[in-house]
There are 2 protein chains.
Amino acid sequence: MYAKHTADPDQATTPHPCESWPDDGRSFRETLDRIGDKWSVLVIGILSGGPLRFCALHRRVPGVSQRMLTLTLRHLERDGVVSRAVYAEVPPRVEYQLTPLGESLRAIVHALAQWVTDHHGEIESARDRYDAG
Amino acid sequence: MYAKHTADPDQATTPHPCESWPDDGRSFRETLDRIGDKWSVLVIGILSGGPLRFCALHRRVPGVSQRMLTLTLRHLERDGVVSRAVYAEVPPRVEYQLTPLGESLRAIVHALAQWVTDHHGEIESARDRYDAG
DNA sequence: CGGGATCCGTCGCGATACTG
DNA sequence: CAGTATCGCGACGGATCCCG
């Protein structure tokens, strides 16, 4: 809206992609919506321990429904983050595991898990303080 | 709702032998729902560049409505990630900035931003491949 | 066992209008 | 400038049934 007042692109004032997102955050959003949706991070974190079958995965994400787990896995598979291996056996077996692309997310997901673990108490007390005041 | 047929509160007695998660994901979810919601990461990333007023923030997250920006900021404030400073002036001025807790998220948010930037192309081609096959 | 299809409630989220 | 209030739609997500 207001970016017409000068011919000079304002990229000179953006040293880090974080403070002023490239593409104004739109291309970020597309990807972020996958990584940041309700279950993706949990699934990626769990799969970082090794390949798992659907049921085992389901057991380890307590709140998720089969539908959402299926959808999450489909999205992650579409984005090339997890791979799906079907073994034509009886009973049928399907194993999911991280692709190299997914592996490259491990550090971030683990850092996030660590952060949440470390600061969960702080956040809870912050909420109490906010709700009290 | 359904836990009437047994005296055992199953939600607290599931010692998941989780290989990769520090907990079973419940407390993780509570916090993750805030950090991982649609706009929080973008807002935190932008605020990592320094304090900003509401309008400036709004301008830097083009897709967000004022309503969602307000709600996001309220949630982040409640969780102690963002602080809100009101200056009783005319015109009114409100500045948002990261708290120390929020600062501790900078590295993760930045890493996430970097990852998205680095792998956005991979993900797009993965999607094309998936949609084609 | 894995998961697609369907029904359906909830609410996230945007658009709009109004206040201080 | 910095919000709050209200409305409404569409996506999200759970429950259920059913098939390979």
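Owing to the predicted nature of the structure, the values given are computational and were not obtained by experimental measurement. To find a chain, count down the sequence lines: A is the first, B the second, and so on, and within it residues start at 1.
Residue B:Pro92 has its side chain nearest to D:dC1 when only D:dC1, C:dG2, C:dG14 are considered. The side chain of A:Trp39 lies closest to D:dG14, out of C:dG14, C:dG3, D:dG14. For A:Phe54, counting side-chain heavy atoms from C-beta on, the closest listed nucleotide (D:dG3, C:dC1, C:dG2) is C:dG2. Side-chain proximity of B:Arg53 to the nucleotides C:dG4, D:dC1, C:dG2 is greatest for D:dC1. You'll find that the side chain of B:Arg84 is closest to D:dA2, out of C:dG2, C:dG14, D:dA2.
Checked by atom type and distance alone, the side chain of A:His119 never pairs as donor or acceptor with a backbone atom of B:Leu101 at under 3.5 Å.
C:dT6 atom C1' lies 16 Å from atom CE of A:Met68, rounded to whole Å. Following rounding to the nearest Å, B:Leu69 (CG) and D:dG3 (P) show an atom-to-atom distance of 9 Å. Rounded to whole Å, atom P of D:dA2 lies 10 Å from atom CG of B:Leu57. A:Leu71 has its CG atom 14 Å from the C1' atom of C:dG2, to the nearest Å. If you take NZ of B:Lys38 and P of C:dC11, they are 18 Å apart, rounded to a whole angstrom. With rounding to whole Å, B:Leu73 atom CG is found 10 Å from D:dT4 atom P. Between B:His75 atom NE2 and C:dC11 atom P there is a gap of 13 Å when expressed in whole angstrom units. One can place CZ of B:Arg93 at 9 Å from P of D:dA2, the figure rounded to the nearest angstrom.
Note on B:Tyr87: nothing from the nucleic acid sits closer than 4.0 angstrom, heavy atoms only.
A donor-acceptor pair shorter than 3.5 Å can be found between the side chains of A:Ser40 and A:Asp37.
The shortest distance between the side-chain N/O atoms of A:Tyr96 and the OP1/OP2 oxygens of C:dG3 is below 4.0 Å. The phosphate of D:dG14 has OP1 or OP2 within less than 4.0 Å of a side-chain N or O from A:Ser65.
Counting distance only, with no hydrogens placed and no angle test, the side-chain atoms of A:Gln66 and the base atoms of D:dT16 include no donor-acceptor pair under 3.5 Å.
The closest side-chain heavy-atom distance from B:Arg78 to A:Arg129 is not below 4.5 Å. You'll find the side chain of B:Val64 reaches within 4.5 Å of the side chain of B:His58, heavy atoms only.
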Report task. Go through the steps to decide whether A:Thr31 and B:Trp115 satisfy the test side chain to side chain contact (heavy atoms under 4.5 Å, CB included), and finish with yes or no. Result -> CA-CA 10 Å; A:Thr31 307; B:Trp115 187 90; 4.1 Å; yes
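The residue among A:Arg67 and A:Cys55 whose nearest nucleotide of DNA chain C is located toward the 5' end is A:Cys55.
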